[in-house]
Structure formats: C-alpha cells, structure tokens
Amino acid sequence: MDFINSIILLIALCNFFLFLIFCIRGLYKKDELYLLFSFLCLSIFIWCISMIFYRSALEVKNAELWGKILYASALMTPFMYLVFCYEKLKLSRHVFVNLLFIIVALIFFVTLNTDYIIDSIQIPVEGEKKIVFGKLYFFIYFPYFPIVFSYCYFLLLKSLNKVRFIEKIQIIIILGGSLISSLLAMITNLFLPSLNIFSLNWFGQVASIIWILAISYAVLKYRLFDFRLILGRIIYVAIISSLLFFSFYFLVYIHIILFKDIFSLPSYIFGIFIAVLYILFFDSFKNFVSQKVTSSIINPGFDPKIVISNYIQEINYELNISTIYEKTINVISKNLQPKFIKIHLSFSGKIIFSQIEDEIVIKLLNYLKQKDKIIVYNLVDQNIQEEIIRNFSLNFQQETGLILSFKSKARGINLVALFSNRNGSIPFGSSETDFLKNIFDIFVASVARAYYYQEIQNFNLTLQKKIDEATAELKRKNEDLAEALRKERDMLDILGHELRTPLGTARNALFMLKVLTDKAGLKDSKVEKYIQIARDNINREIKILETILSSARIENDRLDLTFEGVDIKVAVQNSLDAYKPQAEKKGLKMQTKIVGDNLKAYADKTGVQQILDNLVSNAVKYTEEGVVTIFAKQKDDQILFGTIDTGEGIPKREIKNLGKKFYRINPYLDSSGTIGKRQIVRPGGTGIGLYVVFSLIKNMNGQIKVESEVGKGSTFTVSLPKYNGQPRKEIKKSDISKLFENKLKKKRNEEKNAI
C-alpha cells in the first residue's frame with residue numbers, strides 16, 4: 001500500500017468510526033439528524049475504500065469493477081448531504097427529494113451494470129489509471145454533482161436569514177467545510193478526469209478531511225453534536241473491538257499450539273470452557289469500560305445512572321420543598337459544576353420560589369412551548385438574551401448558557417431554569433443535557449408531591465379549624481337551645497300564673513255573687529263590684545290569649561292584615577278609655593297629646609290598636625307615679641304615635657333586646673327569692689307582648705324607636721306610612737290552601753341563605 005492509499009485509509013476509518021457512533025446515537029435517541037449524518041459518513045467511507053481497491057487493482061478486469069463501484073458510491077455522497085441539509089434546516093422533504101432518489105438509483109444501476117458511464121480502464125506502467133468514459137457520462141453523471149451540491153449551498157445560504165446566533169455559525173461552518181471539500185473533489189475527481197487528467201483523481205477523498213475537520217470544530221466549539229459523547233463512544237468501541245480482535249487471534253494461536261486442529265473433540269471441550277469464562281470476563285470488562293468511559297470522558301467525574309439513582313433515594317420520601325430544592329442544586333453543582341443556577345417554579349399560578357423575573361419567565365415559556373425542554377441560550381431571541389443579561393448582570397459568552405423549561409397543563413406546573421456551562425465556557429453535551437432533563441423531571445415530580453402534601457396538611461388544618469368552629473357553634477347553639485328551653489319553662493310558669501290569677505279572681509267574684517244571691521243579701525253596689533271584678537279579669541284573660549295567638553300567627557307566618565286608612569286619633573282615644581281607670585287606680589295622671597287633624601296611617605286597624613294597647617298597658621304597668629302620655633303627630637310622609645311615661649325606665653344595654661320573644665328585663669326575683677337552687681320567676685308579663693308589637697310594626701312597613709333612662713321613664717315612638725288614598729289591600733296568610741306553600745317557600749329561602 002502506497003502513501004496515498006494509507007492516507008485515504010486513515011480518512012476512511014475516521015468516517016467509519018463517525019458512522020458507527022452517530023448511527024448508535026441516532027438509534028438510541030431516535031434522532032434522525034444523527035442517523036442522516038452517520039449515513040453521510042458511511043457514503044464517504046465506501047467512496048474512500050472503493051478508491052483504495054481501485055488504485056490497488058493490477059488487472060484491467062478488477063480495475064473496471066472497482067472503478068464502477070467507485071463512481072457509483074460517489075453518487076450517494078451529494079444525495080445524503082442534501083437530505084442532511086433538509087433535516088438540519090427542518091425543511092419538509094417534497095417531491096424533488098423523492099424524485100432525486102429515483103434518479104440516483106437509476107444512475108447507480110447504470111453505472112454498475114453497463115458501460116454507459118465507464119466504458120473501459122487503461123493501466124499505464126507508471127502513474128494513475130486512465131478511464132474511458134461512456135456515452136452518458138457527460139449528459140447524466142457529470143451534471144448531477146454540481147447541480148445537487150449547488151442546491152445544497154442555496155438552501156444553506158437561504159436559511160442564514162432565518163436563523164440567529166449559534167445556529168447561524170453552525171450552518172456557516174457546515175457550508176464552508178462542505179463547499180471547500182466538494183469543490184476540490186469535483187475539480188480533481190470530476191472535471192480534470194473529463195479532460196483526461198487522472199493524476200489527482202484520488203485527491204477528492206483526501207479533501208474530505210476538510211469536511212471532517214469542519215464538523216469536528218463545530219462539535220467542539222459550537223455544539224453541533226456532542227463531542228464528549230462521540231469521543232467516549234469511539235474510545236469505548238475501540239477498546240471493546242480491540243479486546244475481541246486480540247482475543248480471537250490469541251485463542252486461535254492457543255488452539256493451534258495445544259491441539260494442532262481446531263475441529264478435534266478436545267478442542268471443542270476446551271472451546272466451550274474458554275467461551276464460558278470469556279463471557280463472564282467480557283461482561284464485567286464491558287461494564288467496567290462503559291462506566292470508566294462515561295465517568296471520565298462522556299460525563300467527567302460522575303456516572304449519571306448512579307447519581308440519579310442516589311438522588312432518587314435521597315428525595316424519595318422528602319416532603320419539604322426547600323430541602324428538595326437544596327439537594328437538587330447540590331447534585332447539579334457537584335456533578336456539572338456550573339457557575340450559577342437560577343430557577344423559577346410555580347404551581348397553578350402560585351410561585352413556590354423564583355430567582356427570575358416573572359416577565360422573563362412568561363416570555364421564555366411562550367418562546368419554548370413549541371421547543372425542546374432544554375435549549376442553548378444563544379438560540380433564543382436576542383431581546384430575551386438582553387433581558388436575561390440585564391436581570392442578572394451576566395456576561396454571557398456567545399457559546400455558553402442553557403435554558404431549561406418544564407410546563408405541565410395537567411398539574412399547572414411551570415418551571416424555568418437558567419444555567420451557565422461548565423467553567424463558563426465549555427458547552428454541555430447531549431449526555432449532560434439528558435442528565436439535567438432526568439434530574440428536573442424527578443425534581444418537578446418530587447416538588448409536586450411535597451406541594452400537594454402540604455396542601456393536604458393545610459386542608460387538614462383548615463378542616464380541623466372548621467370542625468372546631470362548628471363544634472363551638474354547636475355548643476353555642478346547644479346553650480342557646482338550653483336558654484330557649486329555660487325561657488320556655490319560665491314562660492310556662494308565667495303563663496300559668498297569668499292565666500290562673502284572673503280565672504281564680506273571676507271564679508271567686510262569681511262565687512260571691514252566688515253566696516249573696518243564696519242569702520238574698522243583694523245590694524246593687526256589691527253586685528256591681530263583683531261583676532266588674534269578673535269582667536276585668538275575663539278581659540285580662542282574653543288579652544293574654546289574643547297576645548299568645550298573635551304570637552303564634554306571627555311565628556307561623558299566618559298573620560292576616562288589611563291595609564287601609566286607620567285614624568290614629570280614634571285608636572289613641574280607645575286606649576285612653578281602656579287603661580285610664582287602671583292608671584287612676586294607681587294614682588297616675590293619663591293624658592293625650594295629639595298634633596294635627598288628619599292623622600291617618602296606611603296600616604291594619606286591629607294591628608294598630610293592638611300595638612297602642614300594648615304600649616299603653618306597659619307604660620301604666622311600669623310607672624308607679626307621674627304621668628303617662630299618649631301622643632300622635634305627622635312627620636313628612638310618616639304618622640308617629642306612641643307613649644311617654646315617667647316610670648322606672650330601661651337600661652341602655654337592654655334596649656337592643658326588646659322585641660325578642662320571651663325577653664323580659666329582670667325576669668327573676670332577687671337572690672333571696674329562691675326555692676332550693678332554683679330562682680323564682682318574677683310574675684307579671686310574658687315577654688310576648690313587645691314581640692307581637694315589634695312584629696306587627698315590621699309587617700306593616702313601620703319602625704319603632706325606644707328612648708329610655710333608668711329612673712326617669714321611657715318613650716316608645718312608632719312610625720307608620722301615612723294614608724294618602726292608597727287602595728284597600730288584604731293579606732290573607734291564614735288561608736289553609738296557602739299555608740304549605742308559604743312554609744315551603746320559607747324553608748327554601750332558609751336553605752338558600754344557609755348555602
């Protein structure tokens with residue numbers, strides 16, 4: 001083998017190793033760009049090997065065979081280069097590429113099987129062989145190369161206006177390296193042979209070294225491919241293949257020395273024994289080499305599988321987000337050694353932690369949502385670059401920096417991470433970016449688990465708080481219920497007294513009348529006296545029963561009202577006539593104070609009289625000396641009426657409780673009035689009267705105002721709408737046909753308010 005063939009062989013081996021590495025990587029990563037580049041390297045390798053055999057052929061027949069193989073294999077290089085450009089530029093492969101493939105296949109077939117491309121070959125005594133070209137060489141084969149390569153250059157040049165930063169540099173390097181190599185190859189291997197100059201027809205293969213160097217530079221400097229991964233795989237394949245190579249010849253040599261014949265029975269037995277030992281040794285050796293290559297070359301200083309396994313064990317049961325974050329940063333910093341890491345993480349719009357401005361995060365997520373999870377800093381928009389630099393005051397070099405993003409619609413998770421590369425200048429390879437992807441996938445899942453655990457804990461605390469509040473509310477309601485039961489018991493005591501007393505008095509008065517009648521000792525004065533006593537107590541009984549019935553109707557929403565013009569002066573006079581004797585009996589002065597003539601309210605006549613009677617009755621009852629005044633007047637569109645007394649008065653703190661059912665001021669006698677441990681209920685009043693008064697006023701669209709001072713008396717002022725000729729209106733709620741409808745409506749309103 002001469003010197004030129006040795007150089008071509010070296011270049012062929014380089015392309016073959018590139019083919020193996022990129023093919024394995026492409027299959028593993030399912031990356032078509034890697035696979036296409038590997039086939040491009042394979043086509044150059046076959047072209048180089050064909051040239052070696054062609055130059056080494058000594059017979060015309062062999063030379064013609066390898067010459068046809070040489071020119072046929074050369075067809076694949078520009079075609080694979082075109083397909084590679086399409087993939088690199090992310091162009092859709094249209095009909096032209098498919099048509100070109102068919103044309104290349106036809107030319108390939110014609111070149112190998114006919115004399116239309118290569119007619120014959122002449123072997124001189126010295127110098128390179130000479131080729132006699134066929135009829136179709138200049139019409140089909142010759143124009144194919146400049147056309148396809150020119151189209152590739154056109155695509156690459158056109159794409160420069162659409163890409164930015166590092167990607168533009170990558171394309172320029174690819175374009176420059178391929179342009180120089182292809183031009184030299186077409187000049188020396190295509191144009192000069194067409195002029196019958198064959199002295200440099202081997203130089204095209206040698207010129208492919210420029211292409212290899214350009215790709216290597218792009219790999220090393222501008223991250224076209226993962227250099228450390230390629231180097232590591234080359235070393236791994238070289239070591240493993242060397243072991244197999246030397247083992248084969250060593251074992252063959254041992255067999256020949258020991259058994260002379262490798263097909264004898266002892267040789268078979270020995271071979272089986274050696275095969276078992278070799279497999280055990282080879283498996284351990286392969287794992288050892290893989291681990292060392294990974295930790296020393298591909299990922300210097302660490303093995304991603306071991307690191308990720310340990311990382312999972314560390315945070316597998318961790319439920320503190322801060323601890324998970326710290327352990328993640330420690331793992332990345334220890335193994336990848338970036339100068340800085342900046343992270344933003346949010347769940348459902350709630351920021352867990354952030355070292356990046358929200359504006360940049362939003363722009364990055366929008367920019368990266370159609371891209372890979374990890375992207376080189378230099379490939380993002382220049383405006384975003386400038387904002388990142390401004391935000392962190394960082395001096396990013398053009399070839400440094402990674403941006404990682406993770407977005408999950410289902411979980412509502414947004415994560416953005418910014419990294420500087422190792423030592424601030426050495427780019428991360430694909431194995432390291434894969435490592436980062438795996439780490440952050442685990443990180444996000446762990447943080448999500450911790451976040452939702454904390455949410456559950458917070459929910460439990462909130463639930464416990466609500467349970468405690470509900471328990472307290474239930475306790476309060478139980479106390480209120482107990483209080484209501486106590487009031488009901490007291491009310492029953494009071495009602496028993498209030499009902500028994502007038503009935504007993506009336507019964508006694510009637511009994512005395514009977515005694516006098518039986519003795520025939522009738523006198524007009526005595527008869528009148530006992531009849532009046534019986535009448536007064538029966539009226540008192542009727543009033544109590546009416547008050548109780550009114551309370552029941554109000555409570556059950558069955559109060560009948562007739563709205564019409566009610567003369568307040570008449571109602572005042574009725575109350576005065578009814579309670580004046582009782583007031584005079586106590587030595588009280590009773591008077592009226594009426595201002596104006598037309599004092600008519602738009603209300604229910606019976607209800608107004610009941611309100612006024614209750615107020616006058618209470619004023620007389622709780623006034624021991626002085627004056628009870630019944631007043632009425634007009635103010636704006638309201639009719640005001642009520643009572644003014646000089647009685648004992650009401651404490652200010654008690655005024656707000658007036659109108660509550662069964663509520664009475666000082667309901668018990670003093671501490672001396674007890675039976676055992678039970679306090680004696682103070683007789684006189686049920687606490688229902690004012691409840692009815694307040695309810696009637698509310699149902700008649702009125703208001704009541706209470707002013708009082710202990711020891712000086714009280715003023716009760718009722719205001720009702722003035723009668724201005726409004727039509728008579730009846731509200732019949734006691735109608736049994738509407739009772740259940742009203743009850744159902746009330747229940748629904750209560751449920752709605754509760755919700």
Side-chain angles (χ1 to χ4, degrees), residues 28-29 223 226-229 232 287-288 290-347 351-356 361 364-365 368 372-377 388 392 394 396 400-408 411 413-454:
Y28 174 73
K29 295 290 292 183
R223 203 173 176 265
D226 191 343
F227 166 72
R228 282 197 296 273
L229 178 67
N287 293 335
F288 172 78
S290 176
Q291 182 180 351
K292 286 298 181 181
V293 169
T294 299
S295 60
S296 301
I297 300 172
I298 299 176
N299 295 293
F302 73 102
D303 188 329
K305 292 181 181 178
I306 296 174
V307 172
I308 290 172
S309 176
N310 294 335
Y311 172 68
I312 291 173
Q313 291 179 6
E314 281 188 21
I315 66 169
N316 198 29
Y317 300 103
E318 185 58 59
L319 295 173
N320 185 288
I321 293 177
S322 298
T323 304
I324 294 171
Y325 171 75
E326 291 172 2
K327 288 184 177 180
T328 303
I329 297 301
N330 288 337
V331 167
I332 295 172
S333 300
K334 179 180 178 182
N335 295 290
L336 297 185
Q337 301 173 1
K339 284 188 175 180
F340 72 87
I341 306 173
K342 304 290 183 182
I343 293 178
H344 168 95
L345 180 64
S346 65
F347 281 77
I351 297 176
I352 307 302
F353 40 77
S354 180
Q355 300 165 314
I356 311 172
V361 170
L364 284 173
L365 287 173
L368 298 173
D372 195 15
K373 286 183 181 178
I374 291 184
I375 190 168
V376 179
Y377 162 82
I388 293 173
F392 301 112
L394 299 173
F396 274 85
T400 64
L402 282 180
I403 300 170
L404 178 145
S405 73
F406 184 101
K407 190 169 185 177
S408 171
R411 295 180 178 178
I413 300 172
N414 285 326
L415 181 141
V416 172
L418 301 179
F419 297 84
S420 69
N421 288 323
R422 191 193 303 270
N423 299 323
S425 59
I426 302 175
F428 285 133
S430 60
S431 58
E432 290 164 321
T433 55
D434 287 344
F435 171 74
L436 282 173
K437 287 180 185 178
N438 292 329
I439 287 291
F440 272 95
D441 282 342
I442 299 166
F443 168 72
V444 169
S446 300
V447 171
R449 182 185 65 236
Y451 175 78
Y452 292 127
Y453 172 79
Q454 290 182 3

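In what follows, every heavy atom counts, from backbone to side chain, and hydrogens, waters and symmetry copies are set aside.
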- Query: Between Ile315, Asn316, Ile312, which is the residue that forms a side chain to side chain contact (heavy atoms under 4.5 Å, CB included) with Ser446?
  - Reply: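 Filter result, single survivor: Ile315.
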Nearest 0.5 Å, please: how far is [atom2] in [Y] from [atom1] in [X]?
{"X": "Ile442", "Y": "Glu314", "atom1": "CD1", "atom2": "CD", "value": "11.5 Å"}
{"X": "Ile332", "Y": "Tyr311", "atom1": "CD1", "atom2": "OH", "value": "7.0 Å"}
{"X": "Tyr453", "Y": "Glu318", "atom1": "OH", "atom2": "CD", "value": "11.0 Å"}
{"X": "Arg449", "Y": "Leu319", "atom1": "CZ", "atom2": "CG", "value": "6.0 Å"}

Tyr451 and Ile321: CA distance, side-chain angles, deciding distance, side-chain contact (heavy atoms from CB on, under 4.5 Å) verdict
CA-CA 7 Å; Tyr451 175 78; Ile321 293 177; 4.1 Å; yes
Q: Applying side chain to side chain donor-acceptor pair (under 3.5 Å), name anything that partners Thr323, two or more places apart in sequence or on another chain.
A: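 Per chain and number, Thr323 pairs via side chain to side chain donor-acceptor pair (under 3.5 Å) with Asn320.
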Heavy-atom distance under 4.5 Å between the side chains of Phe443 and Ile324, does that happen here?
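A side-chain contact under 4.5 Å exists here.
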